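Here the structure is laid out as C-alpha coordinates; the discussion comes afterwards.
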Amino acid sequence: MLVLGVESSCDETAAAVVKDGREILSSVISSQIELHRPFGGVFPELAAREHLEKIEPVVKESLEKANVTFQDLDAVAVTQGPGLIGSLLVGVSYAKALAWGLDIPFIGVNHIEGHVYSIVFENPPVEYPALALIVSGGHTNLFFIPEEGKYKIVSRTRDDAAGEAFDKVAKMLGLSYPGGPVIEKLSKEGDAAKIKFPVAKISDGRPDFSFSGLKTAVSRYIRENEIVPVGENEEPDQKIKDIAASFQATVVRSLMANVEKLATELQPKTLIVAGGVACNLALREAAEKFGLKRNLPVYFPSKQLSTDNAAMIAAAGYFHLKNGEQSDLRMTADVTLRLQNFENEDADLKRKKVRYRL
Ligand code: KG4
Ligand code: ZN
(Lines give C-alpha, C1' and ligand atoms only; values in the text may rest on other atoms or scores of the structure.)
(Ligands and ions follow the chains in the order given, each with its own letter.)
Protein backbone atom coordinates (compact mmCIF):
# COMPACT_ATOMS: atom_id res chain seq x y z
CA MET A 1 0.00 0.00 0.00
CA LEU A 2 1.45 3.36 -1.07
CA VAL A 3 0.61 6.35 1.12
CA LEU A 4 1.49 9.92 0.19
CA GLY A 5 2.23 11.92 3.34
CA VAL A 6 1.81 15.71 3.36
CA GLU A 7 3.11 17.95 6.16
CA SER A 8 2.77 21.74 6.38
CA SER A 9 2.03 22.48 10.05
CA CYS A 10 4.86 24.92 10.69
CA ASP A 11 7.77 26.01 8.53
CA GLU A 12 8.52 22.90 6.49
CA THR A 13 6.61 21.95 3.36
CA ALA A 14 7.07 18.20 3.08
CA ALA A 15 5.80 15.26 1.06
CA ALA A 16 6.78 11.59 1.20
CA VAL A 17 5.80 8.31 -0.40
CA VAL A 18 5.82 5.43 2.09
CA LYS A 19 5.21 1.76 1.32
CA ASP A 20 3.28 -0.34 3.83
CA GLY A 21 3.92 2.15 6.62
CA ARG A 22 7.59 1.25 7.00
CA GLU A 23 9.55 1.81 3.83
CA ILE A 24 10.37 5.34 2.69
CA LEU A 25 10.38 5.53 -1.12
CA SER A 26 10.93 9.28 -1.00
CA SER A 27 10.90 12.11 1.51
CA VAL A 28 11.13 15.69 0.28
CA ILE A 29 11.40 18.62 2.69
CA SER A 30 11.42 22.25 1.65
CA SER A 31 12.59 24.19 4.69
CA GLN A 32 11.74 27.84 5.25
CA ILE A 33 14.47 28.35 7.85
CA GLU A 34 16.29 30.99 5.79
CA LEU A 35 13.05 32.91 5.21
CA HIS A 36 12.28 33.15 8.94
CA ARG A 37 15.84 33.61 10.22
CA PRO A 38 15.72 37.44 10.23
CA PHE A 39 12.70 37.25 12.58
CA GLY A 40 14.34 34.79 15.01
CA GLY A 41 11.27 32.54 14.79
CA VAL A 42 8.49 31.49 12.44
CA PHE A 43 6.51 34.37 10.88
CA PRO A 44 3.07 32.72 10.37
CA GLU A 45 1.83 34.81 7.43
CA LEU A 46 5.04 34.29 5.46
CA ALA A 47 4.99 30.56 6.28
CA ALA A 48 1.49 30.09 4.84
CA ARG A 49 2.35 31.92 1.63
CA GLU A 50 5.51 29.90 1.17
CA HIS A 51 3.63 26.61 1.71
CA LEU A 52 1.21 27.66 -1.01
CA GLU A 53 4.08 28.15 -3.45
CA LYS A 54 5.92 24.97 -2.51
CA ILE A 55 3.24 22.36 -1.93
CA GLU A 56 2.74 21.31 -5.53
CA PRO A 57 6.41 21.14 -6.58
CA VAL A 58 7.28 19.31 -3.35
CA VAL A 59 4.55 16.67 -3.88
CA LYS A 60 5.57 16.21 -7.51
CA GLU A 61 9.21 15.82 -6.54
CA SER A 62 8.26 13.18 -3.95
CA LEU A 63 6.46 11.16 -6.64
CA GLU A 64 9.36 11.49 -9.08
CA LYS A 65 11.90 10.43 -6.47
CA ALA A 66 9.75 7.43 -5.52
CA ASN A 67 9.37 6.63 -9.20
CA VAL A 68 5.57 6.48 -8.96
CA THR A 69 2.67 8.43 -10.47
CA PHE A 70 -0.44 9.90 -8.84
CA GLN A 71 -2.36 6.84 -10.07
CA ASP A 72 -0.09 4.49 -8.10
CA LEU A 73 -1.08 6.06 -4.77
CA ASP A 74 -3.50 4.18 -2.51
CA ALA A 75 -4.17 6.93 0.04
CA VAL A 76 -3.17 10.39 1.23
CA ALA A 77 -2.28 11.23 4.85
CA VAL A 78 -2.01 14.86 5.91
CA THR A 79 -1.20 16.74 9.11
CA GLN A 80 -4.49 18.02 10.50
CA GLY A 81 -3.00 19.76 13.55
CA PRO A 82 -1.70 21.07 15.85
CA GLY A 83 0.19 23.86 14.12
CA LEU A 84 -0.26 27.27 12.53
CA ILE A 85 -3.69 27.66 10.97
CA GLY A 86 -2.59 29.24 7.68
CA SER A 87 0.13 26.63 7.23
CA LEU A 88 -2.08 23.66 8.12
CA LEU A 89 -4.84 24.78 5.76
CA VAL A 90 -2.54 24.64 2.75
CA GLY A 91 -1.65 20.98 3.31
CA VAL A 92 -5.15 19.94 4.32
CA SER A 93 -6.83 21.61 1.32
CA TYR A 94 -4.26 20.21 -1.08
CA ALA A 95 -4.50 16.67 0.31
CA LYS A 96 -8.30 16.72 0.28
CA ALA A 97 -8.48 17.94 -3.30
CA LEU A 98 -5.92 15.38 -4.40
CA ALA A 99 -7.65 12.45 -2.70
CA TRP A 100 -11.01 13.57 -4.05
CA GLY A 101 -9.62 13.93 -7.57
CA LEU A 102 -7.93 10.51 -7.44
CA ASP A 103 -10.90 8.95 -5.63
CA ILE A 104 -8.71 7.40 -2.93
CA PRO A 105 -9.05 7.53 0.88
CA PHE A 106 -7.41 10.29 2.87
CA ILE A 107 -6.77 10.70 6.56
CA GLY A 108 -5.99 13.61 8.87
CA VAL A 109 -3.08 12.86 11.18
CA ASN A 110 -2.11 14.43 14.48
CA HIS A 111 1.35 15.96 13.99
CA ILE A 112 2.52 14.72 17.39
CA GLU A 113 1.43 11.18 16.61
CA GLY A 114 3.47 11.64 13.43
CA HIS A 115 6.56 12.29 15.58
CA VAL A 116 5.82 9.07 17.52
CA TYR A 117 5.79 7.20 14.18
CA SER A 118 9.07 8.79 13.02
CA ILE A 119 10.94 5.92 14.71
CA VAL A 120 9.31 3.05 12.77
CA PHE A 121 11.66 3.22 9.79
CA GLU A 122 14.99 2.63 11.49
CA ASN A 123 14.22 0.64 14.64
CA PRO A 124 12.83 -2.78 15.55
CA PRO A 125 9.05 -2.95 16.11
CA VAL A 126 7.93 -1.18 19.29
CA GLU A 127 7.00 -3.35 22.25
CA TYR A 128 4.08 -2.05 24.30
CA PRO A 129 3.48 -0.48 26.70
CA ALA A 130 5.78 2.29 25.52
CA LEU A 131 6.73 5.69 26.87
CA ALA A 132 7.31 8.44 24.30
CA LEU A 133 9.11 11.72 24.93
CA ILE A 134 8.11 14.10 22.14
CA VAL A 135 10.30 17.20 22.25
CA SER A 136 10.09 19.82 19.55
CA GLY A 137 9.79 23.56 19.00
CA GLY A 138 6.08 23.48 19.73
CA HIS A 139 5.63 20.52 22.06
CA THR A 140 7.13 18.81 25.07
CA ASN A 141 5.10 15.85 26.23
CA LEU A 142 5.53 12.39 27.64
CA PHE A 143 2.95 9.90 26.41
CA PHE A 144 2.14 6.55 27.89
CA ILE A 145 1.18 4.21 25.02
CA PRO A 146 -0.41 1.03 26.43
CA GLU A 147 -0.96 -0.36 22.92
CA GLU A 148 -0.44 0.96 19.41
CA GLY A 149 -2.65 3.99 18.71
CA LYS A 150 -3.64 4.65 22.34
CA TYR A 151 -2.15 7.66 24.10
CA LYS A 152 -2.24 9.12 27.54
CA ILE A 153 -0.39 12.35 28.32
CA VAL A 154 1.53 11.70 31.52
CA SER A 155 3.67 14.83 31.44
CA ARG A 156 3.39 18.11 29.59
CA THR A 157 5.04 21.50 29.62
CA ARG A 158 3.33 24.16 31.70
CA ASP A 159 4.81 26.95 29.59
CA ASP A 160 7.47 26.80 26.85
CA ALA A 161 8.40 23.75 24.81
CA ALA A 162 12.02 22.56 25.15
CA GLY A 163 12.85 23.53 21.55
CA GLU A 164 11.30 26.94 22.07
CA ALA A 165 13.59 27.44 25.09
CA PHE A 166 16.61 26.56 22.90
CA ASP A 167 15.41 29.08 20.30
CA LYS A 168 14.77 31.85 22.82
CA VAL A 169 18.04 31.41 24.71
CA ALA A 170 19.91 31.41 21.39
CA LYS A 171 18.21 34.71 20.52
CA MET A 172 19.26 36.22 23.88
CA LEU A 173 22.86 35.19 23.18
CA GLY A 174 22.76 36.74 19.70
CA LEU A 175 22.88 33.32 18.02
CA SER A 176 20.94 32.38 14.91
CA TYR A 177 17.60 30.59 14.47
CA PRO A 178 16.87 27.74 15.03
CA GLY A 179 18.72 27.78 18.32
CA GLY A 180 18.97 24.06 19.04
CA PRO A 181 21.72 23.10 16.59
CA VAL A 182 23.79 26.25 17.34
CA ILE A 183 23.59 25.76 21.10
CA GLU A 184 24.48 22.10 20.72
CA LYS A 185 27.56 22.98 18.66
CA LEU A 186 28.79 25.66 21.10
CA SER A 187 28.10 23.37 24.08
CA LYS A 188 30.82 21.02 22.88
CA GLU A 189 33.39 23.71 23.70
CA GLY A 190 31.66 24.96 26.84
CA ASP A 191 31.73 23.90 30.49
CA ALA A 192 28.33 22.42 31.39
CA ALA A 193 29.10 22.60 35.10
CA LYS A 194 30.07 26.29 35.02
CA ILE A 195 26.63 27.75 35.80
CA LYS A 196 23.96 26.16 38.00
CA PHE A 197 20.68 26.96 36.29
CA PRO A 198 17.44 25.87 38.03
CA VAL A 199 15.38 22.80 37.17
CA ALA A 200 11.73 23.69 37.65
CA LYS A 201 9.84 21.93 40.38
CA ILE A 202 6.10 21.93 39.88
CA SER A 203 4.43 22.93 43.12
CA ASP A 204 1.33 20.71 42.69
CA GLY A 205 3.58 17.66 42.46
CA ARG A 206 2.65 16.64 38.91
CA PRO A 207 5.59 15.33 36.87
CA ASP A 208 5.27 18.17 34.34
CA PHE A 209 7.92 20.20 32.54
CA SER A 210 8.53 23.93 32.75
CA PHE A 211 11.17 25.90 30.89
CA SER A 212 10.19 29.53 31.30
CA GLY A 213 11.97 29.85 34.67
CA LEU A 214 15.14 28.50 33.10
CA LYS A 215 14.81 31.05 30.31
CA THR A 216 14.42 33.83 32.89
CA ALA A 217 17.42 32.51 34.83
CA VAL A 218 19.57 32.64 31.68
CA SER A 219 18.36 36.16 30.96
CA ARG A 220 19.16 37.24 34.53
CA TYR A 221 22.61 35.64 34.31
CA ILE A 222 23.30 37.53 31.07
CA ARG A 223 22.26 40.82 32.66
CA GLU A 224 24.02 40.36 35.98
CA ASN A 225 27.27 39.22 34.40
CA GLU A 226 27.17 41.83 31.65
CA ILE A 227 27.41 39.24 28.90
CA VAL A 228 27.44 40.83 25.46
CA PRO A 229 25.42 38.91 22.84
CA VAL A 230 27.37 37.64 19.85
CA GLY A 231 27.38 40.21 17.07
CA GLU A 232 26.98 39.42 13.38
CA ASN A 233 30.09 37.71 11.97
CA GLU A 234 31.60 37.51 15.45
CA GLU A 235 32.97 34.35 17.06
CA PRO A 236 31.24 33.39 20.35
CA ASP A 237 33.61 33.66 23.33
CA GLN A 238 34.10 31.17 26.16
CA LYS A 239 31.46 32.82 28.38
CA ILE A 240 28.79 32.31 25.70
CA LYS A 241 29.90 28.70 25.21
CA ASP A 242 29.66 28.03 28.95
CA ILE A 243 26.14 29.48 29.09
CA ALA A 244 25.12 27.32 26.12
CA ALA A 245 26.56 24.17 27.67
CA SER A 246 25.10 24.84 31.12
CA PHE A 247 21.69 25.64 29.65
CA GLN A 248 21.67 22.53 27.44
CA ALA A 249 22.69 20.32 30.37
CA THR A 250 19.84 21.74 32.46
CA VAL A 251 17.26 21.06 29.72
CA VAL A 252 18.51 17.48 29.36
CA ARG A 253 18.50 17.00 33.13
CA SER A 254 14.96 18.25 33.45
CA LEU A 255 13.68 16.14 30.53
CA MET A 256 15.37 13.01 31.85
CA ALA A 257 14.17 13.56 35.44
CA ASN A 258 10.55 13.07 34.34
CA VAL A 259 11.42 10.25 31.95
CA GLU A 260 13.10 8.40 34.83
CA LYS A 261 10.25 9.09 37.23
CA LEU A 262 7.53 7.93 34.84
CA ALA A 263 9.48 4.97 33.50
CA THR A 264 9.86 3.75 37.08
CA GLU A 265 6.15 4.21 37.72
CA LEU A 266 4.80 2.86 34.42
CA GLN A 267 7.38 0.18 33.56
CA PRO A 268 7.31 0.59 29.76
CA LYS A 269 8.98 -1.94 27.46
CA THR A 270 10.20 0.69 24.99
CA LEU A 271 11.25 4.33 25.31
CA ILE A 272 10.70 6.52 22.25
CA VAL A 273 12.46 9.90 21.99
CA ALA A 274 11.41 11.98 18.98
CA GLY A 275 10.83 15.55 17.71
CA GLY A 276 13.33 18.22 16.65
CA VAL A 277 15.12 18.32 20.03
CA ALA A 278 15.79 14.55 19.70
CA CYS A 279 18.56 15.62 17.26
CA ASN A 280 20.46 16.74 20.33
CA LEU A 281 23.33 14.40 21.07
CA ALA A 282 23.47 15.22 24.79
CA LEU A 283 19.81 14.20 25.12
CA ARG A 284 20.39 11.05 23.08
CA GLU A 285 23.33 10.06 25.22
CA ALA A 286 21.42 10.66 28.45
CA ALA A 287 18.43 8.63 27.20
CA GLU A 288 20.68 5.83 25.97
CA LYS A 289 22.55 5.71 29.27
CA PHE A 290 19.26 5.50 31.12
CA GLY A 291 18.02 2.75 28.77
CA LEU A 292 21.17 0.70 29.37
CA LYS A 293 20.86 1.09 33.12
CA ARG A 294 17.23 -0.07 33.05
CA ASN A 295 17.58 -2.60 30.27
CA LEU A 296 15.00 -0.58 28.34
CA PRO A 297 15.29 -0.30 24.53
CA VAL A 298 15.43 3.36 23.46
CA TYR A 299 14.36 4.24 19.90
CA PHE A 300 15.21 7.51 18.16
CA PRO A 301 14.63 8.63 14.59
CA SER A 302 17.68 9.63 12.56
CA LYS A 303 18.32 13.39 12.40
CA GLN A 304 16.39 13.89 9.14
CA LEU A 305 13.38 12.17 10.61
CA SER A 306 13.57 13.97 13.98
CA THR A 307 12.59 17.35 12.61
CA ASP A 308 9.33 17.84 10.70
CA ASN A 309 8.88 15.56 7.71
CA ALA A 310 6.06 13.86 5.83
CA ALA A 311 7.29 10.26 6.04
CA MET A 312 6.23 10.14 9.70
CA ILE A 313 2.79 11.48 8.74
CA ALA A 314 2.41 8.78 6.07
CA ALA A 315 3.44 6.10 8.60
CA ALA A 316 0.92 7.28 11.22
CA GLY A 317 -1.75 7.59 8.51
CA TYR A 318 -1.04 4.05 7.34
CA PHE A 319 -1.70 2.70 10.83
CA HIS A 320 -5.12 4.41 10.97
CA LEU A 321 -6.09 3.42 7.43
CA LYS A 322 -5.18 -0.18 8.19
CA ASN A 323 -7.48 0.12 11.19
CA GLY A 324 -10.33 1.02 8.86
CA GLU A 325 -10.33 4.73 9.72
CA GLN A 326 -10.46 7.54 7.17
CA SER A 327 -11.44 11.20 7.08
CA ASP A 328 -14.24 12.67 5.03
CA LEU A 329 -14.33 15.94 3.13
CA ARG A 330 -15.61 17.82 6.19
CA MET A 331 -12.29 17.25 7.96
CA THR A 332 -10.48 20.52 8.49
CA ALA A 333 -7.32 21.85 10.06
CA ASP A 334 -7.41 21.89 13.86
CA VAL A 335 -4.87 24.19 15.48
CA THR A 336 -5.37 22.72 18.96
CA LEU A 337 -5.76 19.04 18.08
CA ARG A 338 -4.87 16.94 21.14
CA LEU A 339 -3.35 13.50 21.28
CA GLN A 340 -5.06 11.67 24.09
CA ASN A 341 -7.54 8.86 23.72
CA PHE A 342 -6.75 6.63 26.64
CA GLU A 343 -8.34 7.52 30.00
CA ASN A 344 -9.63 11.01 30.45
CA GLU A 345 -7.18 13.38 31.94
CA ASP A 346 -8.15 15.86 34.59
CA ALA A 347 -9.83 18.34 32.27
CA ASP A 348 -9.55 21.37 34.50
CA LEU A 349 -6.01 20.89 35.52
CA LYS A 350 -5.34 24.02 37.49
CA ARG A 351 -2.31 25.78 36.11
CA LYS A 352 -0.78 26.31 39.50
CA LYS A 353 2.25 28.39 40.19
CA VAL A 354 5.56 26.82 39.39
CA ARG A 355 8.31 27.10 41.96
CA TYR A 356 11.99 27.02 41.08
CA ARG A 357 14.72 25.45 43.07
CA LEU A 358 18.26 26.63 42.63
O1 KG4 B 1 10.04 18.91 15.37
P2 KG4 B 1 10.49 20.23 14.85
O3 KG4 B 1 11.17 20.27 13.52
O4 KG4 B 1 9.30 21.23 14.72
C5 KG4 B 1 8.20 21.29 15.59
O6 KG4 B 1 7.27 20.45 15.46
O7 KG4 B 1 8.27 22.19 16.48
O8 KG4 B 1 11.43 20.87 15.99
C9 KG4 B 1 12.11 22.09 15.82
C10 KG4 B 1 12.80 22.43 17.13
C11 KG4 B 1 13.42 23.82 17.16
O12 KG4 B 1 13.01 24.50 18.33
C13 KG4 B 1 14.93 23.56 17.19
O14 KG4 B 1 15.67 24.53 17.90
C15 KG4 B 1 14.98 22.21 17.88
O16 KG4 B 1 13.86 21.50 17.39
N17 KG4 B 1 16.22 21.50 17.55
C18 KG4 B 1 17.16 21.18 18.48
C19 KG4 B 1 18.23 20.58 17.76
N20 KG4 B 1 17.90 20.53 16.44
C21 KG4 B 1 16.65 21.10 16.34
N22 KG4 B 1 17.19 21.36 19.80
C23 KG4 B 1 18.30 20.94 20.46
N24 KG4 B 1 19.36 20.39 19.85
C25 KG4 B 1 19.38 20.17 18.52
N26 KG4 B 1 20.43 19.62 17.92
ZN1 ZN C 1 7.09 18.71 14.72
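Index from 1, following the sequence. Each ligand, and each atom within it, is numbered from 1 in the order the structure gives. Small disclaimer: the values here were computed from a predicted structure and weren't measured.
Atoms of ligand 1 lying under 4.0 Å from at least one heavy atom of His111, given by number and element, are 6 (O). Of all atoms in ligand 1, numbered sequentially from 1 with element shown, those under 4.0 Å from a heavy atom of Thr307 are 3 (O). With ligand atoms numbered from 1 in the order given, ligand 1 contributes 1 (O), 6 (O) to contacts under 4.0 Å with heavy atoms of His115. With ligand atoms numbered from 1 in the order given, ligand 1 contributes 7 (O) to contacts under 4.0 Å with heavy atoms of Gly138.
Counting heavy atoms under 4.0 Å from ligand 1, residue Val277 touches it through both backbone and side chain. No part of Gln248 comes within 4.0 Å of ligand 1, judged by heavy-atom distances.
Side-chain contact annotation: Ser155 with Arg206, donor-acceptor N/O pair under 3.5 Å absent. No hydrogens or angles considered: a donor-acceptor pair under 3.5 Å links the side chains of Ser9 and Glu7. A donor atom on one side chain and an acceptor atom on the other are not found under 3.5 Å apart for His320 and Gln326. Side-chain N/O atoms of His51 and Asp11 include no donor and acceptor closer than 3.5 Å. A donor atom on one side chain and an acceptor atom on the other are found under 3.5 Å apart for Ser302 and Glu122.
Distance from atom 22 (N) of ligand 1 to its nearest protein heavy atom, with residue and atom name: Gly180 CA, 3.3 Å. Nearest non-hydrogen protein atom to atom 12 (O) of ligand 1 is Asp167 OD2, 2.8 Å. At the top of the distance list for atom 3 (O) of ligand 1, counting protein heavy atoms only, stands Asp308 N, 3.1 Å. The nearest heavy-atom contact from the protein to atom 10 (C) of ligand 1 is Gly137 N, 3.4 Å. Atom 26 (N) of ligand 1 has its closest protein heavy atom at Glu184 OE1, 2.6 Å. Remark: minimum distance from atom 24 (N) of ligand 1 to any protein heavy atom is reached at Asn280 ND2, 3.0 Å. In terms of protein heavy-atom proximity, atom 1 (O) of ligand 1 is nearest to Gly276 N, 3.0 Å.
Ring geometry for His111 against His139 counts as tilted: the plane angle lies between 30° and 60°, on a 0 to 90° scale. Ring planes of Phe209 and Phe211: parallel class, angle under 30° (limits at 30 and 60°).
With waters left out, the protein N, O or S atoms under 2.8 Å from the Zn ion (ligand 2) add up to 3.
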(message) With salt bridge (Lys or Arg N to Asp or Glu O under 4.0 Å) as the criterion, how do Asp328 and Arg330 come out once you've worked through the C-alpha distance, each side chain's angles and the decisive distance to 0.1 Å?
(response) CA-CA 5 Å; Asp328 65 30; Arg330 285 167 299 184; 2.5 Å; yes
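Within a 6.0 Å sphere centred on NZ of Lys188, heavy atoms belonging to other residues, nucleotides or ligands number more than 12.
Residues Phe300 and Arg284 form a side-chain contact, since some pair of their non-hydrogen atoms from C-beta on lies under 4.5 Å apart.
Between Phe39 and Tyr177, the distance from one ring center to the other does not fall under 6.0 angstrom.
Arg223 pairs by the side chain to side chain donor-acceptor pair (under 3.5 Å) definition with nothing, not counting sequence neighbours.
Distances between N or O atoms of Gly275 and those of ligand 1 include no value under 3.5 Å.
Formation of a donor-acceptor pair under 3.5 Å by the Ser187 side chain with backbone atoms of Ser246 is not found in this model.
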